[in-house]
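Only a predicted model underlies this, so the values are computations on that prediction, with no experimental measurement involved.
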Amino acid sequence: MIKVAVTGALGRMGSNIIKTICEQEDMEVVAAIEVPNHPKKGEDVGELIGIGKIGVPLSTFDELDKVLKETKPDVLVDFTIAHACVETVKIATKNKVKLVIGTTGFTEEQKKEIEDAIKENNVSAVISQNFAIGVNIFFKTLEFLAKKLGHYDIEIVEMHHRFKKDAPSGTALRVAEIIKENREIKSEYVFGRYGMVGERKKEEIGIHALRGGDVVGDHTVIFAGDGERVELIHKASSRQAFVNGVILAIRFIVDKKVGIYNTFDVLGLNEIKF
Ligand SMILES: NC(=O)C1=CN([C@@H]2O[C@H](COP(=O)(O)OP(=O)(O)OC[C@H]3O[C@@H](n4cnc5c(N)ncnc54)[C@H](OP(=O)(O)O)[C@@H]3O)[C@@H](O)[C@H]2O)C=CC1
Ligand SMILES: O=C(O)C1=N[C@H](C(=O)O)C[C@H](O)C1
C-alpha cells in the first residue's frame with residue numbers, strides 16, 4: 001500500500017485527490033492537512049468531503065512535522081498556494097517524504113527554494129503545472145508547432161474560474177517556456193496590452209489571463225501568420241482530468257529514490273522528438 005498525505009485537503013483539488021485515492025486498491029490516505037486553526041480540525045476528512053468516514057482526522061499545517069513523523073507517508077501531494085507549498089516542501093523533505101507538487105504561482109526564488117530542499121535532502125518529486133494527460137500531449141504538440149511556426153505571431157490565452165489566485169496560470173507560463181525553447185527566433189513575453197502599444201514585434205509572445213464563473217481551465221495558443229492561423233486549444237471540463245494524472249504520478253514517484261521529475265517523465269513523453 002502506498003501511504004499518501006494530502007495538503008490543501010479540503011480544497012477543490014485536494015478533496016478530489018483524496019476521494020480518488022480512496023477508490024484505488026494500492027494506495028491509502030494517511031494524513032490530510034489544512035490551514036492552521038482550521039475550524040474542522042480533528043474531524044474525519046472523509047465525512048468533511050462527503051465520502052463517509054475514512055478514519056483520517058483533519059490535521060493542520062502547524063503540526064505537519066509531527067503528523068508526518070507519526071503517519072510516515074511515502075508521498076505527500078500538495079495543491080495549495082505558493083508560499084504554503086514552499087514551507088510544506090521544507091518540512092516534508094526533512095522527513096524524507098516523496099512529493100507530487102501541483103501548486104502554481106511560484107516566484108523564481110520560491111522555485112529555487114523548493115528545488116534546493118528536494119536536492120539537499122536527497123528525495124524525489126514530480127512537479128508539474130498541469131497533470132492532465134491531454135494538456136501534456138498539448139505541450140508535446142506545441143514543441144512541433146513552435147519549431148515549424150515559431151516565426152508566426154504567437155499569443156496565449158487562458159481562462160479560469162473566478163477563485164483562481166495566480167495569473168497567468170502555471171500552464172500558460174509553461175506553454176510560453178516551451179515555445180521559447182523550441183522556436184528559432186528569440187522571445188519576449190508581453191502580459192496583456194493596453195494603450196498605444198505600437199507595432200507588434202516578431203519576438204513577442206502575448207500572454208492573456210481571463211477569469212470568470214466556474215471555468216475549470218482553458219488554454220489556447222494562437223500562431224497567426226499572413227492569411228492563416230493555427231489555434232491549439234485544450235479545455236478541462238472536470239478537475240478529474242488533473243486528478244487522474246496525480247494518481248499516475250504517485251505510482252511513478254514512489255519507486256524513485258532521488259530526482260526532480262515532471263509529467264513528461266510520468267507519461268513517457270520525453271522520448272518523442274520532432
Ligand atoms: N498542476 C495542476 O494540474 C493543477 C494545479 N492547480 C493548482 O493547485 C493549487 C490549488 O488549487 P485549488 O485546489 O483550486 O485551490 P483551493 O483554494 O480550492 O485549495 C487550496 C487549499 O489549500 C489550503 N491551504 C492553504 N495553505 C495551506 C497550508 N499551509 N497547509 C495546508 N493547506 C493549506 C487552502 O485553505 P484556505 O482556503 O483556507 O486558504 C485550501 O483549502 C493552485 O495553485 C492551482 O493553480 C489546480 C489544478 C490543477
Ligand atoms: O487553479 C486552477 O484551477 C488550475 N491551475 C493550474 C494552472 O495554473 O495552470 C492548472 C489548471 O489549468 C487549473
Side-chain angles (χ1 to χ4, degrees), residues 2 4 12-14 16-17 20-21 24 27 75 77-79 82 85 98-106 111 114-115 118 124-150 154-161 164 166-183 187 205 207 209 215-223 230-256 259-274:
I2 306 172
V4 187
R12 283 175 287 272
M13 282 300 294
N16 281 302
I17 290 165
T20 307
I21 290 174
Q24 312 301 307
M27 52 185 83
V75 180
V77 178
D78 184 283
F79 284 72
C85 176
K98 292 162 181 168
L99 293 156
V100 171
I101 300 174
T103 298
T104 57
F106 298 111
K111 281 186 205 166
I114 287 180
E115 286 171 14
I118 292 167
S124 58
V126 178
I127 305 177
S128 177
Q129 294 86 348
N130 203 307
F131 280 84
I133 293 164
V135 164
N136 284 275
I137 302 297
F138 172 102
F139 285 162
K140 202 72 213 178
T141 311
L142 263 179
E143 291 180 3
F144 175 73
L145 286 175
K147 281 209 163 84
K148 298 293 176 193
L149 297 177
I154 304 175
E155 299 282 311
I156 302 165
V157 185
E158 58 98 334
M159 181 158 187
H160 285 83
H161 52 95
K164 183 164 175 60
D166 55 315
S169 68
T171 307
L173 291 171
R174 181 68 196 127
V175 163
E177 269 174 16
I178 292 172
I179 293 165
K180 194 175 176 179
E181 286 160 13
N182 286 279
R183 77 200 296 213
S187 293
I205 300 179
I207 305 175
V215 177
V216 173
D218 293 356
H219 292 91
T220 301
V221 187
I222 302 157
F223 294 82
V230 174
E231 295 190 2
L232 186 66
I233 302 175
H234 180 275
K235 293 188 181 196
S237 51
S238 160
R239 290 190 175 81
Q240 197 60 42
F242 313 124
V243 175
N244 292 342
V246 170
I247 298 295
L248 297 178
I250 294 170
R251 288 200 186 101
F252 170 89
I253 204 65
V254 77
D255 291 335
K256 305 283 177 294
I260 299 178
Y261 301 87
N262 59 31
T263 29
F264 273 18
D265 298 305
V266 175
L267 300 170
L269 293 174
N270 279 320
E271 290 70 41
I272 304 168
K273 301 272 180 246
F274 296 110

Using modelled atom types only, decide if a donor and an acceptor are shared between the side chain of Ser124 and the backbone of Lys256 within a distance under 3.5 Å. yes
Can you tell me how far the CZ atom of Phe79 sits from the CZ atom of Arg239, to the nearest 0.5 Å? 11.5 Å
Please assess Phe138 against Asn130 for the test side-chain contact (heavy atoms from CB on, under 4.5 Å), listing each intermediate value before the final yes or no. CA-CA 11 Å; Phe138 172 102; Asn130 203 307; over 6 Å; no
Side chain Asp265, main chain Asn262, donor-acceptor under 3.5 Å: yes
Between Glu231 and Thr220, what is the shortest heavy-atom contact and its length? OE1-CG2, 4.3 Å
Phe131/Leu248 under side-chain contact (heavy atoms from CB on, under 4.5 Å): CA gap, chis, key distance, verdict: CA-CA 9 Å; Phe131 280 84; Leu248 297 178; over 6 Å; no
Atom pair CD1/CG of Ile207 and Leu173 - distance to nearest 0.5 Å: 6.0 Å
Phe264 and Phe139 aromatic ring geometry - parallel, tilted or perpendicular at 30°/60° bounds: tilted
So for atom CZ, which belongs to Phe274, do other residues, nucleotides or ligands contribute more than 12 heavy atoms lying within a distance under 6.0 Å? yes
Classify the ring geometry between Tyr261 and Phe252 as parallel (under 30°), tilted (30 to 60°) or perpendicular (over 60°). perpendicular
Lys235, NZ atom: more than 12 neighbouring heavy atoms under 6.0 Å: no
Gln24 side chain reached by Ile247 side chain, heavy atoms, under 4.5 Å: yes
So, the side chain of Lys147 versus the backbone of Asn182: is there a donor-acceptor pair under 3.5 Å, distance only? no
Report the C-alpha distance between Glu177 and Lys180 in whole Å, list the side-chain angles of each, state the deciding distance to 0.1 Å, and finish with yes or no for salt bridge (charged side-chain N to carboxylate O under 4.0 Å, His left out). CA-CA 5 Å; Glu177 269 174 16; Lys180 194 175 176 179; over 6 Å; no
Full working for side-chain contact (heavy atoms from CB on, under 4.5 Å) between Val157 and Asp218: CA-CA 8 Å; Val157 185; Asp218 293 356; over 6 Å; no
Between CZ of Arg174 and CG of Leu142, what distance do you get to the nearest 0.5 Å? 10.0 Å
Inter-residue atom distance Leu232.CG - Ile156.CD1, 0.5 Å rounding: 11.0 Å
To the nearest 0.5 Å, atom CZ of Arg183 lies from atom CD1 of Ile205 at 5.0 Å
Measure the shortest side-chain to side-chain distance between Val4 and Ile17 over non-hydrogen atoms and say whether it is less than 4.5 angstrom. no
For Gln129 and Thr171, which heavy atoms make the closest approach, and how far apart are they? O-OG1, 3.4 Å
Apply side-chain contact (heavy atoms from CB on, under 4.5 Å) to the pair His161 and Val216, showing each step before the final yes or no. CA-CA 6 Å; His161 52 95; Val216 173; over 6 Å; no
Between Ala209 and Pro168, what is the shortest heavy-atom contact and its length? CB-CA, 4.1 Å
Between His160 and Ser169, do the side chains contain an N or O donor and an N or O acceptor separated by less than 3.5 Å? no
Nearest heavy atoms of Thr20 and Gln240, plus distance in Å: OG1-NE2, 3.2 Å
Going by side chain to side chain contact (heavy atoms under 4.5 Å, CB included), Leu99 matches just one of Ile118, Ile253, Val75. Which one? Ile118
Rounded at 0.5 Å granularity, tell me how far CD1 in Ile127 sits from CD1 in Ile101. 4.5 Å
Compare every heavy atom of Ile179 with every heavy atom of Ala146, then report the nearest pair and how far apart it is. CB-CA, 3.9 Å
Closest non-hydrogen contact found for Phe223 with Leu149 is CD2-O, 3.6 Å
